[in-house]
Participant: 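Pasting a structure below so you can have a look.
In each ligand, atom 1 is the first atom listed, and ligand 1 is the first ligand listed.
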Amino acid sequence: MNNTEYKEAIEKLNLWSKHYYVLDDPITTDEVYDRLYHEVVDYEEKNPSEVLENSPTQRVGDLISDGFKKEPHLSRMWSLEDVFDREGLEKWLIKTYKLDRNITFYCEPKYDGASLNLIYENGVLVKGITRGDGTVGELITQNVKTINSIPLTIEYKEIIEIRGEVVIFKDEFEKINEQRLANGEALFANPRNAAAGSLRQLDSSITASRNLVFLPYGVGEDELPHKLMHKKMEFIYGLGFRRPPERAVCKDIEEIESIYKQMVHDRDSYSMMLDGMVIKVDEISSQIDMGYTVKVPRFAVAYKFPAVEKITTVKEIVLQVGRTGAITPVAIVEPTDIDGVVVERATLHNFDEIERKDIRLGDKVIILRSGDVIPKIIKVLTRERDGSEKKFPKPTHCPICSSELLQEEVLLKCQNLECDARVVNSIMYFASKPCLNIDGLGVKIVEALFVSGLVKSVVDLFDLTLEKLLELEGFKEKKSQNLLNSLENAKGSDYWRFINSLGIEHIGEVASKTLAESFGFEFVNATKEQIIECDGIGEEMAESVLEFVRVNRETIERLQSILQPKEPIKREEAAENPFKAKTVVLTGTMSESRGAIKEMLEALGAKVSGSVSKKTDFLIYGEDAGSKYDKAVKLGVQTLSESEMRELV
Ligand code: IVH
C-alpha cells in the first residue's frame with residue numbers, strides 16, 4: 001500500500017462505515033471491511049507520521065488513568081419545559097404566540113438517552129463533552145470517537161458545536177443485559193442508564209463494545225446561515241449524521257397533534273426509546289428574539305409521551321420452570337396501566353438479581369415496559385418500606401415436582417427430566433413458530449392434554465384421534481379436528497425445523513439450519529470433530545448435540561419416521577456445477593416464480609440469499625431488475641440474466 005492507496009482506503013472504510021452506522025444500508029460485509037482495515041493498520045504502523053485524523057483506527061483509544069477532566073461548553077446546553085397533554089400544549093402555544101404570531105414548528109422525537117456536545121474545529125472532531133450542569137461537562141472525547149455514527153471529520157470548516165443524544169437501541173440493551181445476567185453482573189435498569197454508563201467508561205474499549213448510537217438534535221455555537229431550524233438540521237444530517245426516524249414542520253396545533261399521535265403510535269417500532277416529541281420554533285430569528293428563561297428556551301417544549309416507567313407493588317413471587325429446568329422467578333405486581341397495556345407480571349431473571357436489588361414481597365418498585373423491552377423491575381423504593389416487607393427465600397426444591405434444585409452457574413435448575421412443567425414446556429416449544437409451527441397448541445390445550453394423560457411426550461401427540469379428543473372437557477368436534485389437521489400439517493416440514501424442535505440445549509434456529517445443511521439425516525451420526533468444523537458451532541454446542549443424541553436416539557428416530565421431514569440437499573453432495581456452494585441473489589421478474597427458481601438452485605447446492613453483499617457470488621436478474629442489480633454492479637458481483645443462468649445449468 002502506498003500513500004495514495006492509503007488515503008483511498010480511508011475514504012472507502014469511512015463510506016462503508018457511514019452506510020452501516022448512519023444510513024442503515026450496508027454496502028459491504030464485515031469480512032471485506034476487516035481486511036481493508038487491517039491493511040490500513042499495517043500501513044499506519046510503518047508510517048506513523050502519515051496517520052490521518054479520520055482514519056477509523058483513531059476510534060480506539062487508551063485507558064483514561066485519572067478520571068475525566070472538566071470542560072466548559074462553548075455555549076450553554078439547555079433543558080426543556082415539559083407538557084403532558086393537549087391542554088398543556090395549548091397553554092404553551094398561547095404563551096409562545098404572544099411573543100411572535102408568525103411562526104411555524106419543527107417537530108422531532110425526544111430520544112431517551114444521554115446528551116452529548118461535539119465540537120468540530122476545521123472539520124475535525126476535537127472534543128466530546130457530556131452535558132454536566134449545562135455550562136461545564138466532562139471531556140470524554142476518546143470514548144466519543146468509538147461511536148461509529150459520529151463522523152471524525154466533516155465537510156464544514158467553521159467552529160461548530162453539534163448537540164444530540166447518545167442512545168442504546170432496545171435490542172442491543174436486551175443483549176447487553178442477557179450477557180450481564182450470564183456473567184452474574186448487575187443489570188442496567190433501562191437503555192438510558194446503559195447509554196449514560198457506557199459513555200463514562202474509563203476504558204474506551206468498553207464504550208466501543210456497547211454499540212452506542214448518536215442522534216443529533218441541534219447546534220450550539222455555529223456560524224451556519226440557515227434561517228429555518230429544519231434546514232439547519234438537514235444540513236447537519238448531510239454532514240454524515242443519522243436522521244431522526246420521523247420529523248415534520250407544522251403550522252398549527254392540529255398538525256402538531258397529528259404528528260404527535262403518529263409518533264406515539266410508532267414508538268414501539270423504533271429501534272431507540274423515545275420519551276416524547278420536541279417542538280421547536282422553526283424560524284431561527286424568532287428563536288433568538290424569544291431567548292431563554294433561567295432554565296429553558298422559550299422557543300421549544302417537550303411534549304411527553306405516556307410514561308413507560310410506573311410505580312407499583314410486588315404482591316407475590318412465583319416460580320416458572322422452563323423446558324430446560326431453569327427456574328425463573330416472576331413478580332406478580334399490582335396491575336398497572338403502562339402506555340395502554342395492563343402489566344401484572346415482571347421478570348426477575350434469577351435469584352442473584354433478587355438479592356442484588358433486594359426485592360421483597362410488599363415492596364414498592366418502579367417497573368419498565370416499552371414495546372419489546374420485557375417488563376422488568378428496575379428499582380426498589382426502599383425508602384417507602386414500613387417493615388412489613390418480606391424477603392423471598394431462594395427455593396431448594398422444584399415448585400412443580402419437588403425434586404431438589406441444583407445451582408448451575410447463575411441458573412437454578414430442576415434436574416428431573418420428567419418434571420411436569422419441563423414436559424409441558426417442551427411440548428409447547430416443539431410446536432412453536434421456529435420449530436414445527438403447529439397451530440392450536442397453546443398452553444391451556446397442552447396442559448389439558450398432559451393432565452388427561454393422553455400426551456406425556458411429543459411422540460404421543462401423533463397418537464391422538466378424534467374419539468380420544470372428544471372425551472376431553474372443552475374439546476368440541478371443530479376444535480379437535482383443527483388440532484388433528486395442524487398435527488398432520490407438521491409432517492413433511494423442513495429438516496432444520498425438525499432438529500430445532502428437539503430442543504437440544506444451546507442449539508437454536510441458526511445452528512439447526514447449519515446442522516441440517518451440513519449433515520442432512522446423518523446428523524445423528526456426526527462426530528464431534530465434524531460438528532465443530534461447521535461455521536458458528538463451538539465445542540459446548542457440539543457436546544450438547546452428542547449428549548442429546550446419545551440419550552434420545554430412539555425418540556429421534558421414532559419422531560423422524562412419524563414426521564417424515566424433508567431431507568435437505570447437503571451442499572457438498574450436489575453434482576459439480578457452477579452454482580454449487582455459491583451464494584446467489586435473485587431479482588426482477590423471471591419466466592417462472594422466484595420460489596421455483598430458488599428451489600432449482602438450492603437443489604444444485606447454491607445458497608439463495610435475499611440481499612446483495614460482497615459475499616454474493618452471482619446476481620441473477622429478470623425483467624425490471626432494480627436496486628439489487630445496481631448494488632451488485634457497484635460491488636463488482638457477477639451478474640447473470642435468467643437465460644445465461646439456464647445455459648450454465
Ligand atoms: S432540544 C434548546 N431535542 O432532552 C433545546 N433535546 O429534557 C435543548 N433531548 O438535555 C434541547 N431529544 O438531552 C432537544 N430532539 C431533541 C431531544 C432532546 C432528547 C434531551 C436533551 C435535553 C433533554 C431536555
Participant: Please enumerate all residues that pass ring pair (Phe, Tyr, Trp, His ring centres under 6.0 Å) together with Tyr20, with sequence neighbours excluded.
Facilitator: none
Participant: Provide the full list of side chain to side chain donor-acceptor pair (under 3.5 Å) pairs with a residue in residues 293-312, sequence neighbours left out, each pair given once.
Facilitator: Asn190-Glu309, Glu257-Tyr303, Thr312-Thr336
Participant: If the plane angle is over 60° it's perpendicular, under 30° parallel, otherwise tilted; pick one for Phe392 and Phe351.
Facilitator: parallel
Participant: So, using ring pair (Phe, Tyr, Trp, His ring centres under 6.0 Å) as the criterion, who are the partners of Phe305 when residues are at least two apart?
Facilitator: Tyr260
Participant: Of Ile140, Ile206, Thr146, which is the lone residue that meets side-chain contact (heavy atoms from CB on, under 4.5 Å) with Gln201?
Facilitator: Ile206
Participant: Taking the six-membered ring of Phe188 as reference, does the NZ or CZ atom of Arg180 fall below 6.0 Å from its centre and within a 45° cone about the axis?
Facilitator: yes
Participant: Show me a pair-per-line table, with atom names and distances to 0.1 Å, of protein N or O atoms that are under 3.5 Å from an N or O of ligand 1.
Facilitator:
residue, atom, partner, partner atom, Å
ligand 1, 3 (N), Lys280, NZ, 3.1
ligand 1, 4 (O), Lys110, NZ, 3.2
ligand 1, 7 (O), Lys110, NZ, 3.3
ligand 1, 12 (N), Tyr111, N, 3.1
ligand 1, 13 (O), Ser115, OG, 3.3
ligand 1, 13 (O), Glu165, OE1, 2.5
ligand 1, 13 (O), Tyr217, OH, 3.3
ligand 1, 15 (N), Glu108, OE2, 2.9
ligand 1, 15 (N), Pro109, O, 2.9

